[in-house]
Amino acid sequence: MYNSRITGLGYYVPDNVVTNDDLAKFMDTNDEWIQERTGIKERRWIKEGSDDSSSVMGAKASKIAIERAGLTPNDIDFIVFATLSPDLYFPGGGVQLQEMLGMRTVGALDVRNQCSGFVYALSVADQFIKTGMYKNVLVVGAEYHSSGLDKTTRGRGVSVIFGDGAGAAVLSRSEDPKRGILSSHLHSEGKHAKELTVLAPSAKHWVPEILESNDENDESYFPYMNGTFVFKNAVVRFSEVIMEGLKTNGLEATDIDMFIPHQANLRITQFVQKKFRLSNDQVHSNIQKYGNTTAASVIIALSEAWEQGRIKDNDVVVLAAFGSGFTWGSVVMRW
């Protein structure tokens with residue numbers, strides 16, 4: 001069995017900054033209300049008329065990651081693309097990425113695990129490399145949320161949270177068993193699926209029903225979140241899956257050099273940080289700047305932390321995420 005390690009990282013966010021004060025211009029909200037509940041000060045939304053999309057942003061982030069890995073697109077053996085907001089209902093974003101990067105006809109797999117998407121995608125890529133099937137796998141998380149949000153007062157409880165962006169990592173084969181991904185841990189609990197969901201379109205509410213109803217007040221197309229319930233489950237599952245990863249590798253919380261959580265809510269991160277007694281130097285949070293970018297959040301934060309020199313050789317890095325499904329997971333690696 002081989003080991004896998006990240007050899008290149010990159011991220012891309014739109015230039016258009018949307019502050020809380022900007023949101024207050026078209027919905028009944030304010031900066032204090034949003035920061036108190038989420039910790040978010042601003043987010044990036046793709047500007048109307050821009051060519052950016054989930055796949056386009058994913059391609060921009062991928063080019064940076066591939067170059068930093070010292071590779072070319074033709075060195076990539078496989079693509080794992082995580083998103084809940086693909087450019088098209090089908091086909092998925094992975095094949096679009098393959099074309100945009102001018103790659104040879106490598107396989108492309110799409111992962112639909114929402115906020116846990118990148119952690120799941122990284123775990124999948126790790127297994128392909130560990131078994132020797134592939135040498136270099138491109139793992140991408142990208143989201144275009146702003147086009148599908150209810151930007152009225154009715155939707156303020158959800159719409160203020162989400163942002164657009166993308167991140168990418170090149171995962172490469174390594175023969176050093178002490179470096180790279182040490183373990184990954186994935187879970188789900190589908191009985192809570194409707195607590196964080198978009199109900200339409202769906203197989204039971206598709207084109208014929210949409211055309212027939214033509215109801216401008218139909219809220220099923222917008223994200224729904226039972227915020228309090230999600231928060232309570234998130235803090236429990238985050239803690240469990242982090243501890244699972246540490247125990248598997250004979251580590252303690254004090255061994256963590258950098259914790260990269262899914263950027264769902266600053267309050268969740270602070271709760272977990274306090275539980276594991278981690279200092280600010282051991283945790284990277286950027287939800288204040290970018291909001292919740294779902295499948296892109298962990299990889300954007302990881303890329304940013306690395307760029308800032310906060311992750312060094314031999315550091316123990318822990319990634320963790322929780323989201324719709326419910327799904328959650330963690331990855332423990334030694335850099």
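- Note: Glu244 CD to Arg237 CZ = 10.5 Å, rounded to the nearest 0.5 Å.
- A donor-acceptor pair shorter than 3.5 Å can be found between the side chains of Glu304 and Asn286.
- A cation-pi contact links Arg156 to Trp33, judged by a cut-off of 6.0 Å to the six-membered ring centre and 45° from its axis.
- Counting heavy-atom neighbours within 6.0 Å of Gln308 CD, excluding the residue itself, gives a total above 12.
- Counting only heavy atoms from C-beta outward, the side chains of Val170 and Ile6 never approach each other to under 4.5 Å.
- More than 12 heavy atoms of other shown residues, nucleotides or ligands fall within 6.0 angstrom of atom NZ in Lys289.
- Hydrophobic clustering (ILVMFWY, side-chain heavy atoms < 4.5 Å, transitive): Leu186 and Val124 are in one cluster.
- No side-chain N or O of Gln263 forms a donor-acceptor pair with one of Ser297 less than 3.5 Å apart.
- Counting heavy atoms from C-beta outward, Glu189 and His187 have side chains that stay 4.5 Å or more apart.
- Checked by atom type and distance alone, the side chain of Asn113 never pairs as donor or acceptor with a backbone atom of Tyr120 at under 3.5 Å.
- A side-chain N or O of Asn136 and one of Ser172 form a donor-acceptor pair less than 3.5 Å apart.
- Asp75 and Thr72 form a side-chain donor-acceptor contact under 3.5 Å, judged by distance and modelled atom types alone.
- Remark: side-chain polar atoms of Gln288 are not paired, donor with acceptor, to backbone N or O of Lys41 under 3.5 angstrom.
- Contact check for Asn20 versus Glu42: no side-chain heavy atoms found under the 4.5 Å cut-off.
- Using modelled atom types, one finds no donor on one side chain facing an acceptor on the other under 3.5 Å when comparing Asn265 with Thr38.
- Heavy-atom contacts from other residues, nucleotides or ligands closer than 6.0 Å to CZ of Phe90 number 12 or fewer.
- Aromatic ring orientation, Phe26 versus Trp45: tilted (interplanar angle from 30° to 60°).
- A donor and an acceptor atom, one from each side chain of His145 and Thr294, are located under 3.5 Å apart.
- With respect to Asp315 and Lys312, no salt bridge is recorded, no charged nitrogen being found less than 4.0 Å from a carboxylate O.
- A salt bridge links Arg104 with Asp77; the closest basic N to acidic carboxylate O contact falls under 4.0 Å.
- Side-chain contact between Val198 and Phe222 is absent, with no heavy-atom pair separated by less than 4.5 Å.
- Checked for salt-bridge contact, Glu32 and Arg37 miss the test: no charged N lies under 4.0 Å from a carboxylate O.
- Counting only distance, with no hydrogens or angles, the side chain of Asn249 and the backbone of Leu251 share no donor-acceptor pair below 3.5 Å.
- Judged by distance alone, the side chains of Tyr134 and Gln127 never bring a donor and an acceptor atom under 3.5 Å apart.
- When only modelled atom types and interatomic distance are considered, Asn3 and Arg334 share no side-chain donor-acceptor pair under 3.5 Å.
- Counting heavy-atom neighbours within 6.0 Å of Asn314 CG, excluding the residue itself, gives a total above 12.
- Here the side chain of Lys151 pairs a donor or acceptor atom with the backbone of Ser146 at under 3.5 angstrom.
- In this model, a donor atom of one side chain and an acceptor atom of the other lie less than 3.5 Å apart for Thr152 and Asp150.
- Defined by atom type and a distance below 3.5 Å, a donor-acceptor pair is missing between the side-chain atoms of Asn233 and Glu195.
- Under the 4.5 Å side-chain heavy-atom criterion for grouping Ile, Leu, Val, Met, Phe, Trp and Tyr, Phe118 is connected to Val331 within one hydrophobic cluster.
- The number of heavy atoms from other shown groups lying within 6.0 Å of CD (Glu67) does not exceed 12.
- Heavy atoms only, all atoms of each residue included: Val283 and Pro261 are closest at CG1-CD, 4.4 Å.
- A distance below 6.0 Å separates the ring centres of His192 and Phe229.
- Between Ile79 and Leu109 there is no side-chain heavy-atom pair separated by less than 4.5 Å.
- Side-chain atoms of Ser324 come within 3.5 Å of backbone N or O of Leu196 as a donor-acceptor pair.
- Put simply, the side chain of Leu101 reaches to within 4.5 Å of the side chain of Ile66, judged on heavy atoms.
- Here Lys60 pairs with Asp52 in a salt bridge; the nearest charged N to carboxylate O distance falls below 4.0 Å.
- With a 4.5 Å cut-off on side-chain heavy atoms, Leu246 and Asp255 do not count as touching.
- Side-chain atoms of Phe322 and Thr327, non-hydrogen and from C-beta on, never get closer than 4.5 Å to each other.
- Classification of Lys130 and Asp126 as a salt-bridged pair holds, one side-chain N sitting under 4.0 Å from a carboxylate O.
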